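Fair warning: this is a prediction, and the values are worked out from it, not measured in the lab.
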Amino acid sequence: MPSAPEVPAAVPWHFVLTMQFRDGTFGSVDGVTYAGPGTTRADVFTELRHRLVREAGQGGVATFFTLEPNRL
């Protein structure tokens with residue numbers, strides 16, 4: 001019986017997202033997220049932006065975003 005093809009593992013990415021909210025305050029979130037095959041940079045940005053908006057309880061605009069492989 002042939003073996004099943006290997007599924008690529010999710011890769012760790014370090015991110016920083018800063019937003020300015022409607023009331024003029026700023027908020028940031030940073031850390032490591034895991035993105036699997038087919039995940040786009042836009043997908044990760046949208047997920048993180050929604051997370052920060054939920055935590056702040058208000059919308060705003062992104063003022064800084066970086067997403068880099070979490071390795072040296």
> Could you report the tightest heavy-atom contact between Gly24 and Gln20, atom names first, then the distance?
O-NE2, 3.5 Å

> Identify, with sequence neighbours excluded, every residue that meets side chain to side chain donor-acceptor pair (under 3.5 Å) alongside Asn70.
none

> Taking side chain to side chain donor-acceptor pair (under 3.5 Å) as the test, write out the residues that go with Glu47, two or more places apart.
none

> Residues in side chain to side chain donor-acceptor pair (under 3.5 Å) with Ser28, at least two apart?
Thr18

> Would you say Thr39's side chain and Gly36's backbone share a donor-acceptor pair under 3.5 angstrom?
yes

> Apart from Met19 itself, which Ile, Leu, Val, Met, Phe, Trp or Tyr residues share its cluster (side-chain heavy atoms under 4.5 Å, direct or through members)?
Val11, Trp13, Phe15, Leu17, Phe21, Val29, Val44, Phe45, Leu48, Leu52, Val53, Phe65, Leu67

> Just to verify, what does Thr25 make a side chain to side chain donor-acceptor pair (under 3.5 Å) with, not counting sequence neighbours?
Asp23

> With a cutoff of under 4.5 Å between side-chain heavy atoms, which Ile, Leu, Val, Met, Phe, Trp and Tyr residues group with Val32?
Tyr34

> Which residues, ordered by chain and number, are linked to Val16 in its hydrophobic cluster, where ILVMFWY side chains connect at heavy-atom gaps below 4.5 Å, directly or through other members?
Phe64

> Which residue pairs satisfy the salt bridge (Lys or Arg N to Asp or Glu O under 4.0 Å) criterion with at least one member in residues 54-64, sequence neighbours excluded?
Arg51-Glu55

